[in-house]
Amino acid sequence: MKQTKTTKIALVSLLTALSVVLGYYLKIGTPTGILTLLDAGIFFTAFYFGSKEGAVVGGLAGFLIDLLSGYPQWMFFSLVNHGLQGFFAGFKGKWLGLVLATIVMVSGYALGSILMNGWSAALPEILPNFLQNTLGMVVGFVVFQSVKKIK
């Protein structure tokens, strides 16, 4: 199938919606919040399309999940953190991009938590955010490799 601009917009929109569904319905509760599979959609999009599309899916999906889940205080942090996560994950130098994506997402949420709740609330969230990022990276990569083989 020839990929036109319209086709790409439609696919990125579908991936955004799918990422919202994955993040909203597949939640794992933790003492400090929730783990979601949102990151799997972000990493898949970044691997498949690249930085710009990864940023769009990450930012919009993160924003919408927080809005729908009742965490509006996190919406703008998610827009920036997951948007940058998707942007860096789509770098052509994959390892550097994956490291930067992880650092941006984990440290961005830590900073947001420090601003809203203080250091004592931010520290316990670092490990779960790192695990969510890593799980999303692995799942996104496996799905990307599967789609690449089919294509």
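Everything numeric here is computed off the predicted structure, so don't read it as measured data.
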Let me have the donor-acceptor pairs involving side chains of residues 14-26, under 3.5 Å, with sequence neighbours excluded, atom names and distances please.
{"residue": "Thr16", "atom": "OG1", "partner": "Val12", "partner atom": "O", "Å": "2.9"}
{"residue": "Ser19", "atom": "OG", "partner": "Leu15", "partner atom": "O", "Å": "2.8"}

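- For the pair Phe49/Leu11, a side-chain contact is recorded, criterion being any heavy-atom separation below 4.5 Å from C-beta on.
- Contact check for Ile42 versus Thr45: no side-chain heavy atoms found under the 4.5 Å cut-off.
- The salt bridge (Lys or Arg N to Asp or Glu O under 4.0 Å) analysis of residues 3-26, with sequence neighbours excluded, yields the pairs Lys8-Glu53.
- Side-chain contact check for Asp39 versus Leu135: every heavy-atom pair is 4.5 Å or farther apart.
- For Lys52, the NZ atom sits in a loose shell: 12 or fewer heavy atoms of surrounding residues, nucleotides or ligands are nearer than 6.0 Å.
- Atoms CD1 and CE, on Ile65 and Met75 in that order, are 13.0 Å from each other to the nearest 0.5 Å.
- Tracing side-chain contacts under 4.5 Å through hydrophobic residues (I, L, V, M, F, W, Y), one reaches Leu37 starting from Tyr48; they form part of the same cluster.
- If you chain together hydrophobic residues whose side chains sit under 4.5 Å apart, Phe91 and Val80 fall into the same group.
- A continuous path of hydrophobic side-chain contacts links Trp74 to Leu111 [ILVMFWY only; heavy atoms under 4.5 Å].
- Residues Ile114 and Ala122 approach most closely at CG1-CB, 3.5 Å, considering heavy atoms.
- Between Thr7 and Thr4, the shortest heavy-atom distance links the atoms OG1-OG1, 2.9 Å.
- When all heavy atoms of Met116 and Phe77 are compared, the pair lying nearest together is CE-CE1, 4.0 Å.
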Return all side-chain donor-acceptor pairs below 3.5 angstrom for residues 100-110, not counting sequence neighbours, or 'none' if the list is empty.
{"residue": "Thr102", "atom": "OG1", "partner": "Leu98", "partner atom": "O", "Å": "2.9"}
{"residue": "Thr102", "atom": "OG1", "partner": "Asn133", "partner atom": "ND2", "Å": "2.6"}
{"residue": "Ser107", "atom": "OG", "partner": "Ile103", "partner atom": "O", "Å": "2.5"}
{"residue": "Tyr109", "atom": "OH", "partner": "Ser78", "partner atom": "OG", "Å": "2.4"}
{"residue": "Tyr109", "atom": "OH", "partner": "His82", "partner atom": "NE2", "Å": "3.1"}

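- Cluster annotation: Met137 is connected to Val143 through the hydrophobic network of ILVMFWY side chains, with a link wherever side-chain heavy atoms come within less than 4.5 Å.
- Rounding to the nearest 0.5 Å gives a distance of 9.0 Å between CG of Leu79 and CG of Leu84.
- Gly90 approaches Ser51 most closely through the heavy-atom pair C-OG, 3.2 Å.
- Counting heavy atoms from C-beta on, the side chains of Tyr71 and Gln73 come closer than 4.5 Å.
- The same ILVMFWY cluster, assembled from side-chain heavy atoms under 4.5 Å apart, contains both Phe76 and Leu38.
- Around atom CZ of Phe141, no more than 12 heavy atoms belonging to other residues, nucleotides or ligands sit under 6.0 Å away.
- Ring-plane geometry between Phe47 and Phe144 is classed as tilted, the angle between the planes lying from 30 to 60 degrees on a 0 to 90 degree scale.
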